Number of protein chains: 2
Amino acid sequence: MAHARILETSVHFFGRLGFEGASTREIARASDVAMSSITYHFGGKEGLYLATADHIATQIRERTAPLLDRVAAAEINGRETAIELLLAVLDGIAEMMLSAETEYWACYIIREQQEPTEAFERLYQGAIRRVADTLIRLVAMARPDLDDRQGRVTAIMLFGQAMILRSSRTTVCRVLGTSDLDEADQALLRERLRANALTVLSEAP
Amino acid sequence: MAHARILETSVHFFGRLGFEGASTREIARASDVAMSSITYHFGGKEGLYLATADHIATQIRERTAPLLDRVAAAEINGRETAIELLLAVLDGIAEMMLSAETEYWACYIIREQQEPTEAFERLYQGAIRRVADTLIRLVAMARPDLDDRQGRVTAIMLFGQAMILRSSRTTVCRVLGTSDLDEADQALLRERLRANALTVLSEAP
DNA sequence: GTCTATACTACGATAGAC
DNA sequence: GTCTATCGTAGTATAGAC
């Protein structure tokens, strides 16, 4: 189906080049369809851009659902349980940030974070929101000594340690003296993230 | 001088729109010069793009120099001194990430991290490298229990907590329920970053 | 639903006057 | 050093055949 093929290509082009930088001609050519098919299916360049955001949100939602469902279903009766779940969620996020297939999603989202358009709203409501809410809820239980705003910021900081793996990927590689992150590098990064998060979350109230 | 005015405009346009998305016509118009002036001064679009990277690197270097010079000059004779300096450097980075004027530098750099070109090399050698090396050196002294690679990753993770303030700015605002970060928000973010970093760095060997 | 053909605008580069 | 003028290419959108 052309519809899906165009969307898949769009993630790459809009991610790599941004809305202004990507061209519908190129996207059409790479999808092996006529340019006017984009108009037919998505109404134009802007429609395609927004449909791409929905597509990305759906993929993230599907990918994170198993882990987030587990947290939602869990009975959390103590800091230890909350910490354990939080470490699992963070590790899942880190694994996602390290995974090759998220490269273009990430580019698209990071662009939207810098200069949000309507597409950001779709990403946020469609995927980011649930991840953020879960982290915030777990941090509140793991660190009952923090007030609401302090807890939210702590959730952000924990997330930042995973996000850096995508947002500054090239610098991460430079610092580790490699051209891309192999299995051992990835294990090291995830292990350290886990260790740091555990330390921060275990801080005595 | 037209040269400097064009560069200043370029940071904004290349940052916001990327290399492909920005147009030399628009940059020229916004700089109040003829488009051919860009060819004269920078040789063309690509030359301007690279000159913009150098311009950004210079600004970051100047901005971070006082703090990094202080670290380089300091006699560090114990974990406590290293931790104290590290907290100061991280706070300086966080303050930079929160500052409005770094918005377009950050966009430019984040783009280059996703798909590095020759411009990344100029940014890295011209500015990022010294910041990274300083962090790594201080972490090594603050956490002598970690091996070289673990220390490097820890430096990355600490940096990530500051970087998130730019790379996911819009999400940070959403989570704090605000449309932009006021003084109180910024103080809260910097205070939490400091607290988290201190906890991680003080971990008993 | 997918194509070709076309209209119109904007792009980067360059030549040449001042 | 800065400008105007112009060339060739590539952009989005749309009309209309199949």
Side-chain angles (χ1 to χ4, degrees), chain A residues 1-56 58 104 107-108 111-112 114-120 122, chain B residues 1-56 58 104 107-108 111-112 114-120 122:
Chain A
M1 196 186 180
H3 187 99
R5 205 164 63 251
I6 294 170
L7 269 182
E8 208 51 56
T9 313
S10 294
V11 178
H12 285 67
F13 278 84
F14 284 130
R16 222 158 28 89
L17 304 168
F19 180 78
E20 293 85 357
S23 89
T24 53
R25 270 180 140 85
E26 243 186 327
I27 292 171
R29 198 179 329 121
S31 309
D32 260 314
V33 295
M35 206 186 44
S36 49
S37 292
I38 288 177
T39 314
Y40 176 78
H41 284 290
F42 304 98
K45 190 181 189 182
E46 199 173 317
L48 177 58
Y49 186 74
L50 292 174
T52 305
D54 290 331
H55 182 65
I56 292 170
T58 301
Y104 298 104
C107 290
Y108 188 109
R111 276 165 200 282
E112 278 297 321
Q114 306 309 311
E115 195 111 358
T117 69
E118 194 196 321
F120 183 79
R122 302 192 182 203
Chain B
M1 199 188 181
H3 188 98
R5 205 164 62 251
I6 294 170
L7 269 183
E8 207 52 54
T9 313
S10 295
V11 179
H12 284 67
F13 278 83
F14 284 129
R16 224 159 24 93
L17 305 169
F19 179 78
E20 293 85 357
S23 90
T24 54
R25 276 181 136 87
E26 243 186 328
I27 292 171
R29 197 177 333 120
S31 310
D32 260 314
V33 294
M35 203 186 43
S36 50
S37 291
I38 288 176
T39 314
Y40 176 79
H41 284 290
F42 305 98
K45 190 181 186 179
E46 198 173 316
L48 177 58
Y49 186 75
L50 293 174
T52 304
D54 291 331
H55 182 65
I56 292 171
T58 302
Y104 298 105
C107 290
Y108 188 107
R111 277 168 198 280
E112 278 296 322
Q114 306 309 311
E115 195 110 359
T117 68
E118 194 197 320
F120 182 80
R122 301 194 182 200

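Naming convention: chains lettered A, B, ... in sequence-line order (proteins, then strands); numbering from 1 in each chain. Quick caveat, the model's predicted, so the values are computed rather than measured.
- Distance, B:Glu20 CD to D:dA10 C1': 14 Å, rounded to whole Å.
- Projected onto DNA chain D by closest heavy-atom contact, A:Glu46 and B:Arg25 fall at different nucleotides, the more 5' of which corresponds to B:Arg25.
- Among the heavy atoms of the strands, none lies under 4.0 Å from A:Ala28.
- Taking side-chain N and O atoms only, B:Ser37 has no distance below 4.0 Å to OP1 or OP2 of D:dG1.
- To the nearest 0.5 Å, the span separating CD on A:Glu118 from CZ on A:Arg122 amounts to 4.5 Å.
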Dump the intermediate steps for side-chain contact (heavy atoms from CB on, under 4.5 Å) on A:Phe42 and A:His3, then the final yes or no. CA-CA 9 Å; A:Phe42 304 98; A:His3 187 99; 3.5 Å; yes

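- Following rounding to the nearest Å, B:Arg29 (CZ) and C:dT9 (C1') show an atom-to-atom distance of 13 Å.
- Under 4.0 angstrom from either OP1 or OP2 of C:dG1 there lies at least one side-chain N or O belonging to A:Tyr40.
- Here D:dG1 presents its C1' atom at 14 Å from CD1 of B:Ile38, a figure rounded to the nearest Å.
- Within a 6.0 Å radius of CD in A:Glu46, other residues, nucleotides and ligands contribute 12 heavy atoms or fewer.
- Side-chain nitrogen and oxygen atoms of B:Thr24 include none within less than 4.0 Å of the OP1 or OP2 phosphate oxygen of C:dC11.
- For the pair B:Phe19 CZ and C:dC11 P, the computed distance is 14 Å after rounding to whole Å.
- Between the CG atom of B:Leu48 and the C1' atom of C:dC11 there is a distance of 15 Å, rounded to whole Å.
- Contact annotation: B:Ser36 does not reach the phosphate of D:dT2 (side-chain N/O to OP1 or OP2, under 4.0 Å).
- One atom, CD of A:Glu26, and another, C1' of D:dA10, lie 10 Å apart when rounded to the nearest Å.
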Audit row: A:Ile56, A:Thr52, side-chain contact (heavy atoms from CB on, under 4.5 Å) steps and yes/no: CA-CA 6 Å; A:Ile56 292 170; A:Thr52 305; 4.2 Å; yes

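- Distance from the side chain of A:His41 is smallest to C:dG1 among C:dG1, C:dT14, D:dC3.
- Residue-level contact check: A:Thr39 touches the bases, meaning some heavy atom is under 4.0 Å from a base atom.
- Nearest nucleotide to the A:Met35 side chain, out of C:dT4, D:dT2, D:dA13: D:dA13.
- Atoms NZ (A:Lys45) and C1' (D:dT14) sit 17 Å apart, rounded to a whole Å.
- Closest to the B:Ser23 side chain, of the nucleotides C:dT2, D:dT4, C:dG12, is C:dG12.
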Between A:Lys45 and A:Phe14, is the side-chain contact (heavy atoms from CB on, under 4.5 Å) condition met? List the steps. CA-CA 10 Å; A:Lys45 190 181 189 182; A:Phe14 284 130; 4.3 Å; yes

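- Look at CZ on B:Phe14: it is 13 Å from C1' on C:dC11, rounded to the nearest Å.
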